[in-house]
**Q** 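Have a look at the structure that comes next, please.
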Amino acid sequence: MQSEIPKVYSPEAIEPRWARYWVDQKLYRPSDDGARPRFSLSLPPPNITGSLHMGHMLEHTEIDILMRWHRMRGENVLWLPGMDHASISTQMIVEREIGREALPDLEGPQARHAWQREGQRRRLEMGPEKFLERCWQWKEQNGDTIRRQMERMGASVDWTRARFTMDAAYSRAVIEVFVRLYEEGLIYRGHYIVNWCPRCGTAVSDLEVEHQDRAGHLWYIRYPFEDGSGHIVVATTRPETMLGDTAVAVNPNDTRYHRLIGRKVILPLLDRSIPVIGDSFVDPTFGTGAVKVTPAHDPNDFAIGQRHNLPGITVIDFDAHMTDDAGPYARLSREQARVAVVRDLEAAGLIEKIEDYKLSVAVCERCKTIVEPLLSKQWFVRMKPLAEPAIRAVEEGRIRIIPDNSRKVYLDWMYRIYDWCISRQLWWGHRIPAWYCDACGEVIVAREAPSSCPKCQSGTPRQDPDVLDTWFSSGLWPFATLGWPGQTDDLRRFYPNDLMIMGFDILFFWAARMIVLGLKFTEDVPFRELYVHALVRDAERQKMSKTKGNVLDPLEITEKYGTDAVRFALASSAAPGTDIAFSEDRVKGYRDFANKIWNAGRFILMNLGKLPAPALRHLGTTLDPIPAIGFDAVPHSEPESEALRLADCWIFSRLATVTREMNEDLAAYRFHEAAHTIYHFFWHELCDWYLEWVKPEVIKDSEGPRASAACINLARVFETALHLLHPFMPFLTEELWHQLPRSSEAQSISVTSFDLANPRAIDSVSEKQFQTVQELIVAARNVKAEMGLQKEKPSAQVASDDLRILELFRSHQEPILNLAGLEALNFVRGRLPAGAAAVPLASGCDLRLFYERAVDPASERLRLERDLAKVKNHLEQTDRQLKKESFRNRAPQEVVAGVERRRAELADQYARLAESLARLDGFPAEPKDSAGQVGPQP
RNA sequence: GGGCGAUUAACUCAGCGGUAGAGUGCUACCUUCACACGGUAGAAGUCAGAGGUUCGAAUCCUCUAUCGCCCACCA
């Protein structure tokens, strides 16, 4: 009989179809049903400039698994997607594009920089209005890359609710938050020292600065006293900033220097008179113990300057060139200025010495340009008062952060929070809702543009040209996406989100800000749990990076092995708190798994197709709707179906256990455990045992009720297992599920109501019986292999004192013979006759195989001796443990009982092995006393 | 300078107080009618090292070594 179902599973043939179907059917919109428990999560919005990388793939896989699982548990699930406008990143890309249009002939690695510079120049020429038009245009053309990729990956999001951080409604929320914070004094504008990226031309927050270790120097410079009485030596890593020095500081407790406080020194090169001041910030043990103070170009010096009312002199400009205040060094770049300053100091004999020094320089996270600390007027959020509720919410467990070490990292950061610089000198983003009156200097912060100054009534106030840090807007994500500040239905129904999932790299950037702003504006937590996932690394545990060239494109691998295989590989490696070493081999392994499932389905479908119509109708009515996990089997009516009955009870019971385990694992974000559980169950229990066990019945060309029942039960087990696998491999399972015959039209496996939450009780009697039979079969196969009889069909004898076990084997003789590859099975009550070497089983039976050209007694003896030694070793170990008074007294009852039980089993096995050895011709029996020792313990 | 994590079978990783696990790879046999992207059987580990706590430690504590990450204003 030929089947139309291909032998090898081709994901590319079915995945795009279902991806399309899921989107088109709007399958993942939550219903209006208020009675069902809800489960909500907002997707961390990817940047419009991005394309899907492994990190996304992991994150989306984890989320999708949970969403599908909750949905199948009957919950009303909302997974809300969206995109982030990515202010600085988008602006740079668009600038580069403009630059490329202007300089189309450039190529090579230098071109990028040239395009960027040219694009930046042209942006300033064209002005904000035209430039922003270009940005929107770019967004329309390229901004949905990730969305398309997500659709293809099968992310079960509700696309009808997709949001963008620069949507009109979302922007209103951003402005609302800004205005309210300002009105409460939690946003202020101030002249402070900030991290300035001269390349990007904007301030960046401390979080956007990276530190890199670089080799540098420590220059020791002599500052002469004004009165000519010698000099004081200061050490610095940045000699060019001395041009902006307004003091020299020493520690007031430093006995070498404290008498100098209040005296004046002459700043070399510029001949400015500056004071020596005392400040406890100065570490007397570092350098010379005297520090030059440059309030305009160093955050510490800025703080010292504030404490001592020192002026700040800006000598480096926003373009990283020296200002006019740098005197003769004006217009030099900061690097040129350093060379010049050192040269001139040396010429003047003012350099005492130069030491090599390893320093950590601050660079812009985005373009790696050295960041210049500069004084400028920026907007800040006052974080301390806002952080407090955010700390309490986590400490009190209203927000649970998982794993625990991320919780600690979050709290540590929050405890020493500082103000957040939120203004950016960029154009693409949310414009700061502040206006300035040129006439009277009034600052107006408002939801709408003011037509005139409310203070002096004059003119049209000018809006602040800057935009907000992208994280300011994405910090509102969990509630702004649901319609806040409006009191929408969605907000009522889905806020707070039940869960948030993100990488640890944006814990501060994003999670912290969402918690702060959520608590502030909704009087509730933004989400109840925050699961922080790990990083995906390459197979050598290296961080993937473009420069290293080890970036694996998830789409490429997906194309090769199928989305399901990639998802499964990620899920199966996703242990909380540990980074993932992603290897293609692993994906290959799960591609094989998908193929295995496919072929099991193929087998079942082929045989269902042979069933007579009445049986199929039966199947239809029992397959949908689906009752609880572990549902009853279709009863086997004939007495000779006992073997099928046992297998059914066993597999249904296992299904219930597996469901329960997966429920627990997924509730604790143990994706790897859940994946392993379903993998092992599907392959090694369902396929290797259950399917093989019932196969002879299923393929029998009979129209009887016995074959139908076997086939139908197999289909039902398979169908249930498909559900359990579905969150991990949605495409494959959806496809197979649709191919199963049923009585009514079915929409999707993932929206079928299916009581995953309440699996049936386990059937421990059947499980135990099945295990006993399994043991017999495995032992028989083992002996066969060791005797080199794999091709043959030997007969076997099984002996036991226990009639019930013999009866169990007798009533399951068919599958035993079939699965063990035996010709016949004979039963012996009591012991085997002399001359027979037998294998003792844990169930207390002895098993012996017969074959005409069998057994070389020597090798048989070797095997028995090897087993005996192993058991003896183990037995001695348990004996030692049991002999210890302290163990018996102090270990818990059940542990002692367990060890005793184990000992009894081992002793029994040992005795029977020894006996078996003794029965072999010419082998002397074990000495009596030794054998006596292993008898059952009183 | 602080903080965190890793070190378990040839490889990649789980396990985190009670007989050392998985996947891949390896060995032998099997092209039996779902699947060779398959089946059956098997070999393989002083759980980094040293102390300690415990009846009992891969698992808890301390130190050491190697590797990695995060945070930090020491000029």
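Chain naming here is simple, since letters A, B, ... match the order of the sequence lines and numbering starts at 1 in each.
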**Q** Given B:U54, is OP1 or OP2 found less than 4.0 Å from the side-chain N or O atoms of A:S886?
**A**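 Answer no for this pair, as no side-chain N or O of A:S886 is under 4.0 Å from OP1 or OP2.
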**Q** Between B:A41 and B:U46, how far apart are the two C1' atoms, rounded to whole Å?
**A**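 Per the computed distance, 29 Å lies between those C1' atoms.
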**Q** For A:W219, report the nucleic acid contact type (base, sugar-phosphate, nothing); a contact means any heavy atom under 4.0 Å.
**A**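 No contact.
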**Q** Go through the N and O atoms of the side chain of A:E692 and the base of B:A34, and report whether any donor-acceptor pair is under 3.5 Å.
**A**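 Donor-acceptor pair under 3.5 Å: yes.
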**Q** Out of B:G39, B:A75, B:G23, which has the shortest distance to the side chain of A:K596?
**A**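 Taking heavy atoms from C-beta onward, the closest nucleotide is B:G39.
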**Q** Please confirm whether the shortest side-chain N or O distance from A:Y357 to OP1 or OP2 of B:A75 is below 4.0 Å.
**A**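 So the side chain of A:Y357 is within the cut-off, an N or O lying under 4.0 Å from OP1 or OP2 of B:A75.
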**Q** Which nucleotide wins on minimum distance to the side chain of A:H874, given the candidates B:C74, B:U19, B:C35?
**A**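 It is B:U19.
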**Q** What are the two closest heavy atoms between A:I417 and A:A387, and how far apart are they?
**A**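 What the structure gives for the nearest pair is CG2-CB, 3.9 Å.
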**Q** Give A:V282 one of three labels, base, sugar-phosphate or nothing, depending on what nucleic acid heavy atoms sit under 4.0 Å from its own.
**A**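 A:V282: base contact, heavy atoms under 4.0 Å.
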**Q** For the side chain of A:A581, counting heavy atoms from C-beta on, which of B:G39, B:A41, B:C13 is nearest?
**A**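 Nearest listed nucleotide: B:C13.
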**Q** If each of A:R670 and A:Q881 is mapped to the nucleotide of RNA chain B with the nearest heavy atom, which maps nearer the 5' terminus, i.e. the 5' end?
**A**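 It is A:R670 whose nearest nucleotide is closer to the 5' end.
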**Q** With syn defined as a glycosidic angle within 90° of 0 and anti as everything else, classify B:U27.
**A**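 Anti.
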**Q** Can you find a pair of side-chain heavy atoms, one from A:L882 and one from A:F887, that are under 4.5 Å apart?
**A**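 A side-chain contact under 4.5 Å exists here.
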**Q** Would you say A:H672 places a side-chain N or O within less than 4.0 Å of OP1 or OP2 belonging to B:G15?
**A**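 Answer yes for this pair, as a side-chain N or O of A:H672 is under 4.0 Å from OP1 or OP2.
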**Q** If you only use heavy atoms from C-beta on, which nucleotide in B:C37, B:C73, B:C35 is closest to the side chain of A:R591?
**A**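 The answer is B:C37.
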**Q** Can the ring centroids of A:Y590 and A:Y679 be said to lie less than 6.0 angstrom from one another?
**A**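 Ring-ring flag for A:Y590/A:Y679: true, centres closer than 6.0 Å.
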**Q** Determine: side-chain N/O of A:K7 to OP1/OP2 of B:C35, distance under 4.0 Å, yes or no.
**A**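 So the side chain of A:K7 is within the cut-off, an N or O lying under 4.0 Å from OP1 or OP2 of B:C35.
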**Q** With P as the reference atom in both, quote the distance from B:U12 to B:A36 in angstrom, rounded to an integer.
**A**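 My reading of the P atoms in B:U12 and B:A36 gives 30 Å.
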**Q** Look at the side chain of A:V895 and decide which nucleotide, out of B:G18, B:C71, B:U40, has an atom nearest to it.
**A**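 For A:V895, the side-chain atoms sit closest to B:G18.
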**Q** Let's see if you can work this out: which of B:C29, B:G18, B:A75 has an atom nearest to the side-chain heavy atoms of A:P892?
**A**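 Ranking B:C29, B:G18, B:A75 by closest atom to the A:P892 side chain puts B:G18 first.
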**Q** So A:L359, base contact, sugar-phosphate only, or nothing? Heavy-atom distance under 4.0 Å.
**A**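 It contacts nothing in the nucleic acid.
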**Q** Salt bridge or not for A:K700 and A:E697, using N-O below 4.0 Å?
**A**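 A:E697 and A:K700: salt-bridged.
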**Q** With heavy atoms under 4.0 Å as the rule, sort A:N405 into base, sugar-phosphate or nothing.
**A**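 The answer is sugar-phosphate, as A:N405 gets under 4.0 Å only of primed atoms, P, OP1 or OP2.
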**Q** What I want to check is whether an N or O donor and acceptor connect the side chain of A:K791 with the base of B:C30 at under 3.5 Å.
**A**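 Under the 3.5 Å cut-off, the side chain and the base do not form any donor-acceptor pair.
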**Q** Of all the choices, B:G38, B:U40, B:G15, which nucleotide is nearest to the side chain of A:E673 once you look at every atom?
**A**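 So the side chain of A:E673 is nearest to B:G15.
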**Q** Under 4.0 Å from OP1 or OP2 of B:U12: is there any side-chain N or O of A:R586 that close?
**A**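 Answer is no, no contact under 4.0 Å.
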**Q** Thinking salt bridges, do A:R866 and A:E786 make one under a 4.0 Å N-O criterion?
**A**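 Yes, A:R866 and A:E786 are salt-bridged.
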**Q** Does A:W689 have a side-chain nitrogen or oxygen under 4.0 Å from the phosphate oxygens OP1 or OP2 of B:U40?
**A**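 No, because none of the side-chain N or O atoms of A:W689 sits under 4.0 Å from OP1 or OP2 of B:U40.
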**Q** Contact class for A:H684 vs. all strands (heavy atom < 4.0 Å): base, sugar-phosphate, or nothing?
**A**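 Sugar-phosphate only.
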**Q** Return the nearest nucleotide to the side chain of A:Y679; candidates are B:G23, B:A34, B:A75.
**A**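 Given the options B:G23, B:A34, B:A75, the side chain of A:Y679 is closest to B:G23.
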**Q** Which of the following nucleotides, B:A75, B:C37, B:G23, is nearest to the side chain of A:V8?
**A**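 Within the option list, the nearest is B:C37.
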**Q** Among B:A22, B:G42, B:A34, which nucleotide has an atom closest to any side-chain atom of A:K695?
**A**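 The answer is B:A34.
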**Q** Would you please indicate if the ring centroids of A:F682 and A:F718 are separated by under 6.0 Å?
**A**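 Between A:F718 and A:F682, which both carry aromatic rings, the centre distance is below 6.0 Å.
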**Q** Please tell me if A:Y418 has a side-chain N or O lying less than 4.0 Å from either OP1 or OP2 of B:A72.
**A**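 For B:A72, OP1/OP2 do have a side-chain N/O of A:Y418 under 4.0 Å.
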**Q** Under 4.0 Å from OP1 or OP2 of B:G42: is there any side-chain N or O of A:N782 that close?
**A**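 For A:N782, the contact criterion (side-chain N or O under 4.0 Å from OP1 or OP2 of B:G42) is met.
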**Q** What interatomic distance, in whole Å, is found between P of B:C11 and the corresponding atom of B:G5?
**A**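 It works out to 25 Å between them.
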**Q** Could you tell me how far B:A6 sits from B:C16 if I compare only their P atoms? Round to whole Å.
**A**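 Each nucleotide's P atom is 12 Å from the other's.
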**Q** Would you call A:R338 and A:E240 a salt bridge, taking side-chain N to carboxylate O under 4.0 Å as the test?
**A**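 The answer is yes: the pair qualifies as a salt bridge.
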